[in-house]
2 protein chains.
Amino acid sequence: MSGTHHVPSQSGPVVEAIRAAIVSGDYVPDQRLVETDLSERFSASRGAVRSALLQLGNEGLVERVPHRGARVRAVPLAEAIEILEVRMAVEGLCAAKAAQRVTETEIAELRGIREGMAAAVESGAVMAYSELNNRLHRRMLEMSGQRTAGGVIERLRGQAVRHQFRLAMQPGRPSVSLPEHLAIIDAICSRDPAAAEEAARQHLGSVIRALRGTAAPGPGTAVPDSGTS
Amino acid sequence: MSGTHHVPSQSGPVVEAIRAAIVSGDYVPDQRLVETDLSERFSASRGAVRSALLQLGNEGLVERVPHRGARVRAVPLAEAIEILEVRMAVEGLCAAKAAQRVTETEIAELRGIREGMAAAVESGAVMAYSELNNRLHRRMLEMSGQRTAGGVIERLRGQAVRHQFRLAMQPGRPSVSLPEHLAIIDAICSRDPAAAEEAARQHLGSVIRALRGTAAPGPGTAVPDSGTS
DNA sequence: GGCGACAATATTGTTACCAATTCTCCGGCA
DNA sequence: TGCCGGAGAATTGGTAACAATATTGTCGCC
């Protein structure tokens, strides 16, 4: 097996834990991240938490202001679109490279993902589809052999994950994105770099258009006070 | 004016100092970075140095292994090429955006850079040309308005700066890159996004080809092996 | 009743110290 | 001679206390 994801695991388990808590929505945007709280929550020393926050700040997931602490960074829609535009460029590159370097076993794996995605959409299994979606993008990066590009995209994905998640939950969205994903898979399996790049770009372009369509309601709707408290 | 809103200046002056020392060649690749040494060298506490090394490690400039300290990361040629491939994609995007959004005053500034570059190459002023080159790339990013892409490229540039510097020192290299730079400038000034993207991609493609030519002196790795018989 | 200064609190930033780990060097031994 | 093992030094990682700073609540004054 290709093992677990290697890029974002560098500086200890605390970083991963906090990152997971953020991307899973356990901490909402603009929520304060007090060092002592996290220290107790994750059973780690304050220094470890401090380092983790530093790294997450560098990663763009949290915002740190001197003497005022860290809070979950709220990525505005415009920036999410910027992120997707960069991803469009880089993932286009990766798709092309993947089409050049793909092996037979990888083609088989992609075909498996393809079937799974079609089945998930057919049966309305949104979460399963989202999971396969993540896996497809990740495996495509690995197949491209472009570690640098993979790291860049991984980081960008982390920042915009909330927007993408919200988008994936829109009813009818899977039926739109499914053919795009299938086109990417088919192009890679056909070892057609140009088609793969074009398919990847079209897919992310579609995501951008869809994101633009989701009206971002102004301030006043987000209430951080959820459940436990 | 937009002033100097550099992305990588966030976590204190120590980070910038160490980064400057690394990119300026003051610390060579694989050189150990002992915390106490840096602490004394930059008159900062060990904790500050620690944080700085953490951030630089996250940035890809230094390599940190647990209990073994940090050292300047030696970016292999293959990775430098990967980095340039990503830059090719992202800077292509930025060039296109810049061509869409460029203002009249910015066009005037670009024309100034254009003249300066031509004059520098004419007179053989390598350093001045390199400086203008940096400025051109940086201003193009700013004009594109793509902050995300700018941050990505800035980071990638930092990692491969040594290779690019070595390349810029090659005799005759400026005469090759000058027309490419001029093409980028002209395309942006003509507000032609497609041409700008193409010009940027061609330029970086040329850099990649040139880099491939530098350090491939035949079979076997040309490591500076001390006096073999 | 509203507003500004002041104290109390909470939180981060820094420093000093100790523990854990690795590297180096030296000596013993087959 | 070459290799194994251990003591010592060097360096990093972690922890706790301290200092600096921002936030919040309170009191007096207009």
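Any value given below was found using the heavy atoms of this structure, including those in side chains, with hydrogens, waters and symmetry copies removed. Residue numbering restarts at 1 for every chain, and letters A, B, ... go by the order of the sequence lines. Keep in mind that this is a model prediction, so the values were computed, not measured.
Relative ring orientation between His137(B) and His203(B) is described as tilted, the plane-to-plane angle lying within the 30° to 60° band.
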Report, one pair per line, the protein and nucleotides 10-14 of chain D atoms (nitrogen or oxygen only) whose separation is under 3.5 Å.
from    : atom 1 : to       : atom 2 : distance (Å)
dT12(D) : OP1    : Glu35(B) : N      : 3.3
dT12(D) : OP2    : Glu35(B) : N      : 3.4
dG13(D) : OP2    : Arg50(B) : NH1    : 2.6
dG13(D) : OP2    : Arg50(B) : NH2    : 2.8
dG13(D) : O5'    : Arg50(B) : NH2    : 3.0
dG13(D) : O6     : Arg46(B) : NH2    : 3.1

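Using a 4.0 Å cutoff to heavy atoms of chain B, the contacted part of DNA chain C runs 5' to 3' from dT15(C) to dC23(C).
Remark: Glu35(B) engages Arg46(B), Arg50(B) in a side-chain hydrogen bond (donor to acceptor under 3.5 Å, both in side chains) (not counting sequence neighbours). For Asp30(A), there are no side-chain hydrogen bond (donor to acceptor under 3.5 Å, both in side chains) partners at least two apart in sequence or on another chain. Every residue was checked against the side-chain hydrogen bond (donor to acceptor under 3.5 Å, both in side chains) condition with Glu197(B), not counting sequence neighbours, and none meets it. Applying the salt bridge (charged side-chain N to carboxylate O under 4.0 Å, His left out) rule to Asp37(A) yields no partners; only residues at least two apart in sequence or on another chain are considered.
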Would Glu91(A) and Arg201(A) count as a side chain to side chain contact (heavy atoms under 4.5 Å, CB included) if you check the C-alpha gap in whole Å, the side-chain angles of each, and the deciding distance to 0.1 Å?
CA-CA 7 Å; Glu91(A) 288 201 41; Arg201(A) 291 180 71 97; over 6 Å; no
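Side chain of Arg173(B) to main chain of Ala168(B): no donor-acceptor pair is present (N/O by atom type, distance under 3.5 Å, no hydrogens or angles).
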